[in-house]
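Please read the structure below before turning to the comments.
Just so it is clear: chains get the letters A, B, ... in the order the sequence lines come, proteins before strands, and each one is counted from 1. Values below: all heavy atoms of this structure, side chains included; hydrogens, waters and symmetry mates excluded. None of these values were measured; they are calculated from a predicted model.
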Amino acid sequence: MREFSQLASNYRSTETAQNYLERHGIPVIWDLDTRALVRHLRTVGALRGVVCTDGTPAAKLIKEARALPTMAGLELASRVSCDQSYEWARGSVELAAAAGAAAGTSGGLTRAYRADQPSLFTAVSAGATHSASSGQAGRSPDADARRFSVVAYDFGIKQNILRVLVDHHCDVRVVPAKTSAEDVLALKPDGVFLSNGPGDPEPATFAIESIRKLLGRVPMFGICLGHQLCGLALGGRTYKLKFGHHGSNHPVKNLLTEKVEITAQNHGFVVDPESLPSSDVEITHVNLNDHTNEGMRHRTLPLFSVQYHPEASPGPHDSRYLFQEFLDLMMTQEGRP
Amino acid sequence: MPKRTDIHKILIIGSGPIVIGQACEFDYSGTQACKALRAEGYEVVLVNSNPATIMTDPDLAPRTYIEPLRAEYVEQIIKQERPDAVLPTVGGQTGLNLAVELAEAGILEKYGVKLIGASLQSIKIAEDRLLFKDACRRIGLDVPNSAVVNNAKDAILLADELGYPIVIRPSFTLGGTGGSIAYNREEFTDAIARALDASPVHEALIEESVLGWKEFELEVMRDHRDNFVVICSIENFDPMGIHTGDSITVAPAQTLTDKEYQIMRDAAAAVIREVGVETGGSNIQFAVHPETGRMIVIEMNPRVSRSSALASKATGFPIAKIAAKLAVGFTLDEIPNDITQKTPSCFEPSIDYVVAKIPKWQFEKFPGSDSTLGTQMKSVGEVMAIGRTFKEAMQKGIRALEPHTPWRPPAEVTPALLREKLTTPRPDRIHWLFVALESGLSPAEVCSLTKMDPWFIQQIEEIVAVGKRAAGVTLETAPRELFWEAKRTGFSDEQLARIWQTTPAAIRNARAKHKIAPVFKRVDTCAAEFESYTPYLYSTYEEEDEADVDARPKIVILGSGPNRIGQGIEFDYCCCHASFALKEDGYETVMVNCNPETVSTDYDTSDRLYFEPLTLEDVLAVVEREKPRGVIVQFGGQTPLNLAIELKRNGVPILGTTPESIDLAEDRRRFGRLLVEMGIPQPRNGTALVPEEAVRLAGEIGLPVLVRPSYVLGGRAMVIAYDAETVRNYVAQAALMGSARPVLIDQFLEDATEVDVDALCDGETVVIGGIMEHIEEAGIHSGDSSCVLPAVSLKPEVLKVIREYTQRLAKALNVVGLMNVQYAIQHDTVYVLEVNPRASRTVPYVSKATGVPLAKVAARLMAGKKLSEMDLPLAQANGVAEIPIREYFAVKSPVFPFNKFRGVDTILGPEMRSTGEVMGVAASFGEAFAKAQLAAGIRLPRSGTAFISVNERDKRTIAPLAKELESLGFTLIATRGTAAALRAAGVAVEPVFKVNEGRPNIVDLVKTGKVDLIINTPLGRESFFDEKAIRSAAIRYNIPCITTLSAAHAAAQGIRALQRHGVSVTALQDLHAGKPITSGASASD
């Protein structure tokens, strides 16, 4: 970054960013011309690199960097996944100020973060005239709302996805990347979630295999790497972008509603929509900056996925409705074989 | 969805004259909207009373009306033009209020005009604080506890309940007029009365104080498909309690976590939906409690605002342009982003730099006014600065304010003084922050005194720390790293020169030796993610330069910096015109300016835009990078002129009139000698440095005298002295202020008529652009005087002399470009008061009145063209070429900010105090004057009671005026002395009490609505309590109050015209084409 603040100033702050990063052993590079760096990457594309502080000559470092494997062909999901399955029960952190504002979200969030505060959600219903276009608002909260059991594949899962699933009345079990479809089905989930994660989706054949087996047997929702894996499982192909999509301001158009969502993104690979069998797959979302694929759904079977991060944290909440759609999908599939 | 095809012709309402709280940002937004709609094939009709705007250029819209922004005039325009729709959201509060008035009066319906960009309903919810609060509560958002009141009694009861301090905000006023904070019941009682008065609906909101909370604004847009984006987040450096227009603000928000920010974003989306702003931009303000995080919604503007202009400049996202397109049916994803060309406008800009906005105040213009900052906006302009860090942006912003001398604390700073300066917000508080931290106060103490966020104070502390480290070395011993760090922290060469006790030039040379030079980065809406096609640049100290300069011939135009009284939008107009003309002639134009409100800082006005402070250092950096053929300094007012000599000394080619000629004209002594040589009369004058010398000189010249400092614009600190004591005090004070420059003393020509002439010269030939006769007599600053084109009362032989002098002066000064001459005519003798070989304040007015764009012509002259090459419509008069004015009169009238400065006397004098101007055009002088007055907010009565109170001198000549008013059907009342004089002249008049004579007195009559017109000339040098009370009551109750006899005569003619004609409107295009003006339809039509 250009400048790294040495001071934390927020009523919730407990330590400085520097302390936090030190605790987690994460290096920080700052006081450089970040804009020059971005322009460089924009021109030459994503690069391999080495961070070094000990004065090793540049030539040697360049050699080291060159020796690193390229991201293409690299399977990383299984490396960062959990070893053991576990249950996740924690919902979103709620700020004091969040209460009112969260209730005001109409296009995105459809239920209050906290189910124990039904009054907030009632407020949304009352003001639902403007949010009706999303087709989501107005659902009344329900203290004893139906709960859903969800198995989440961990390909490098972001915690906020788990939190948001919990917010949406899901009982979540996280399983390792290489868990077989059979083992997942044995848990009798209402739905399966396919997470984000690092690396090239193509070599993650174990995951592609599992998705193929699960397809049609249980509702599935994929995000990011999970989306790419779905694409591959459905017979499509993926390819690497020059410098990927990173940041929290990518406009994505929902082709079903024609509405634009501002989304958080962090990916280098994308699904080639041309490669998907159009008889089975419907493209649902497209990136307005470069027109790459951002989402799809199966025309007949209960599966949909998006390339971006609807759980965004950091990032805008415009796409939170997708979690509700996952619930809807699980709801409609109930009782089906 | 494509654009609407059910509408073809759209009326755009402008914002009228520049006033505090509504400045040239609305010229910027109106101009953008106009261009955008025309580009989509719509016919645009434009109305604005302000001739100094780009939006009223006759080639910007096919139909342009410079007419009063009053329902009856706009109705006449609608009747004449029959637009299908009206766009009210780009003309500020004025445009919005007028649209509401037209809609409510049924005028829009009557002529089948649709309101686009905002619905009546949504305007009402957003503007009515109570409805707005209800709307927020409906969607579960928190708002301050409050109550709406319409009488003082209830208000006091409720205030006691809500607790003190308490905020008072009158409904439907501009820039928070009449708003305040009361700390106790006594203060509240006074404040609520004022607020109720200020509100046009006699209503005010009183609410829980959120003083000291963090303040944020989101600039958002929404389209009719409910797509919503945040264009920019803005954080106020000054916490809640200071009007955002008077706060230093920063973009993007610096102290919010993503979680807090996203909650705010969700809230903004919910608000705009609930209020029902279906398309366009809105500004939504929030307050956040620093310790609990409680977030409340403060207010929203359902339209383009000052903040959205700032946001547009801060991000490169043209909010007004996009808002106009959304209003005609486009959706955000259908509109391309101009900067990247490849991506749509439906996105949220990312910012890889920091923007600081700092307001510019001019309390020195209003002696007696309270410079404490509060909920009512008092600044007259602002600067914006861009840096890669907050520290750099802030430092650049502070120097962009162009103080006459660098700010210095008083010799002795006691802890008590320091505390007071930090606790009470005033314009100089930013400087006191530095003083406090330099003198060792801890950041924590500073935070607790100022309630500013610790992060901001830490940043200032870091600047102070770099300064301290620099102070530990000298220029010679400073290591390159420290030098680099100081520059990277935003220190100017001038600041470093002060620290290292050397000259800025020495710092500059040392930088060259160390190879420390700024690079230029682009504002591109996307943090470099995509290539940008618009060279919108700012300087910073980094590795890579993105200026990407090509080899085309370039001309650099220096802008005028922050708006201030005397140097406002008129100069921005000229700079834009220079750019337009030179672009047409094939040059690449490069604009340098730091004012975010202007058209000149729009990225598509010039080929290249440098958003930079107008200091020698910053301008030289641009020139070095661009290597232009020349630099234009004539158009930006005094700001670039002050740089001319130094630029030339540094080898920069200055186009047009040479800096030496400019300097000669500015140097009173040398210029005086020139006039003597030329045999041209001037008021007797001289210069003095010390009081004794001044008094002696004043004696020689003969009292009264005009005393003023050299080198100023807008008559800053000018006085008319009727005695030696005033002269002595003035000079003593000037010396005290640290001014090393001499004081100028001129003979004051009493009862003289003042004339302004704008002329063009190519070095050989002279063309007179316009001879304007002032309506107020000499002695009143030309910027504060109404004037008329063509002159109405000058004798042919006087005009002949004026023409001859103008021609000789232009040649003598080797003027290439524009020249302005001020003359005073006393007993048929023409005196030269002043010559300014540069664009003047009146250039846009003359251009609009005559249809010849003087600034464009002048720019071409500066680039080397000759007048003979240009096809100008000229007439010869007395052997001099002149741009003729056709069969109509154009009156320019000033607009004053007195309602913002309570307790300040409104009497006009040599110190300019108006913030803006309007123009009225009509077939007769009287009607043009009445229109100009109305446009300026003064509605001349057609009948009623006129109150007259004049000084001894005027008593001799008051009778004809009184008789005129009598014949117009007015009942006359007067103070005893004036009444006696009138009766002696055979005028029927009723005497009334002065304030101290008994009751009901004249002020009581004004307050009870029994007076319709006030004519009150001041009693010489002393301003008595009585007069001041009358004038301030007049302002408060909005009753026309005329302070000079010449203006009173004009008013009488205006009233006569109003009685005869009623409302008439004419498009500029018709005026310039010479179509006959139809006198207005009669009032009953």
Side-chain angles (χ1 to χ4, degrees), chain A residues 2-3 5-13 32-36 38-40 42 93 95-109 119-120 123-124 126-127 129-131 133-134 243 246-251 253 258-262 288-290 312-318, chain B residues 138-142 225-230 255-267 269-271 273-274 276 288-295 331-333 342-344 346-350 352-353 388-391 453-455 458 521 526-531 542-544 546:
Chain A
R2 170 62 179 82
E3 191 176 46
S5 177
Q6 302 299 304
L7 175 94
S9 161
N10 187 279
Y11 71 102
R12 291 166 60 226
S13 161
L32 76 159
D33 190 342
T34 50
R35 206 176 143 82
V38 172
R39 279 163 51 92
H40 183 62
R42 180 180 88 194
V93 180
L95 311 192
T105 319
S106 52
L109 195 73
S119 61
L120 292 176
V124 175
T129 43
H130 294 287
S131 48
S133 56
S134 72
F243 51 85
H246 309 278
S248 62
N249 66 340
H250 285 258
K253 190 166 191 170
E258 295 200 39
K259 274 195 62 174
V260 181
E261 300 154 27
I262 302 300
L288 290 180
N289 282 345
D290 62 3
S313 177
H317 302 156
D318 293 5
Chain B
R138 270 203 301 282
I139 49 175
L141 293 172
D142 206 354
R225 203 173 271 148
D226 193 29
N227 293 319
F228 166 87
V229 288
V230 177
T255 73
L256 284 179
T257 62
D258 175 71
K259 280 221 168 5
E260 291 172 302
Y261 170 72
Q262 298 302 342
I263 288 165
M264 199 174 276
R265 183 179 180 277
D266 290 344
V271 168
R273 286 176 176 128
E274 183 62 26
V288 173
H289 193 284
E291 275 137 39
T292 66
R294 181 182 160 208
M295 180 186 84
T331 54
L332 284 162
D333 53 313
K342 294 190 177 81
T343 58
C346 195
F347 80 116
E348 304 197 335
S350 36
D352 57 0
Y353 45 84
R388 284 274 285 159
T389 63
F390 173 82
K391 294 186 275 276
D453 191 278
W455 189 85
Q458 173 68 21
K521 297 276 183 198
C526 63
E529 189 175 349
F530 305 101
E531 195 176 338
E542 285 273 29
E543 312 288 327
E544 190 186 50
E546 301 172 29

- Message: Under 4.5 Å from any heavy atom of chain A, what part of B/Phe228 do you find: side chain, backbone, both or neither?
- Response: backbone
- Query: Of the non-hydrogen atoms in A/Tyr11 and B/Pro290, which two are nearest, and what is the gap between them?
  - Reply: CB-O, 3.4 Å
- Query: What's the verdict on salt bridge (Lys or Arg N to Asp or Glu O under 4.0 Å) for B/Glu260 and A/Arg12, showing C-alpha distance, side-chain angles and the deciding distance?
  - Reply: CA-CA 11 Å; B/Glu260 291 172 302; A/Arg12 291 166 60 226; 5.7 Å; no
- Item | Partners meeting side chain to side chain donor-acceptor pair (under 3.5 Å) with B/Glu531 (sequence neighbours left out) | none
- Task: Go through the atoms of A/Thr34 and report whether side chain, backbone, both or neither lie under 4.5 Å from a heavy atom of chain B.
- Result: both
- Item | Rounded distance [0.5 Å steps], CG in A/Asn10 versus NZ in B/Lys259 | 11.5 Å
- Task: Mind checking the CG-NZ spacing from B/Leu332 to A/Lys253? Nearest 0.5 Å is all I need.
- Result: 10.5 Å
- Between atom CD of B/Gln458 and atom OG of A/Ser9, what is the distance when rounded to the nearest 0.5 Å? 10.0 Å
- With no hydrogens and no angle check, is any side-chain donor or acceptor of B/Asp258 less than 3.5 Å from a backbone partner on A/Gly315? yes
- Drop me the distance from B/Tyr261's OH to A/Ser248's OG, to the nearest 0.5 angstrom. 8.0 Å
- Query: Which one, A/Val260, A/Asp290, A/Leu32, A/Val38, leads in non-hydrogen pairs under 4.5 Å with chain B?
  - Reply: A/Val260
- Show the numbers, then the answer: is there a side chain to side chain contact (heavy atoms under 4.5 Å, CB included) between A/Glu3 and B/Phe390? CA-CA 10 Å; A/Glu3 191 176 46; B/Phe390 173 82; 5.5 Å; no
- Query: Is it the side chain or the backbone of A/Glu258 that comes within 4.5 Å of chain B heavy atoms, both, or neither?
  - Reply: both
- B/Arg265 and A/His317: which non-hydrogen atoms are nearest, and at how many Å? NH1-N, 4.3 Å
- Provide the closest heavy-atom pair for B/Pro344 versus A/Asn289 in the form atom of the first, atom of the second, distance. CD-OD1, 3.6 Å
- Task: Nearest 0.5 Å please: distance from the NE2 atom of A/His250 over to the CD atom of B/Glu529.
- Result: 4.5 Å
- Residue pair B/Glu544 / A/Ala36: nearest heavy atoms and the distance that separates them: OE1-CA, 3.2 Å
- Item | Among the listed options B/Asn227, B/Thr343, B/Asp453, the residue most often paired with chain A at heavy-atom distances under 4.5 Å | B/Asn227
- Message: Using every non-hydrogen atom in the two residues, find where B/Ala528 and A/Arg42 come nearest and quote the distance to one decimal.
- Response: O-NH1, 2.8 Å
- Note on the structure: Applying salt bridge (charged side-chain N to carboxylate O under 4.0 Å, His left out) to B/Glu542 and not counting sequence neighbours gives A/Arg2, B/Arg388, B/Arg488
- Query: Which heavy atom of B/Cys346 sits nearest a heavy atom of A/Leu288, and at what distance?
  - Reply: CB-CD1, 4.5 Å
- Heavy-atom contact with chain A under 4.5 Å, split by part of B/Glu543: both
- Note on the structure: CG of A/Asn249 to CZ of B/Phe347, rounded to nearest 0.5 Å, is 7.5 Å
- Message: Does any backbone or side-chain atom of B/Pro454 lie under 4.5 Å from a heavy atom of chain A? Answer side chain, backbone, both or neither.
- Response: both
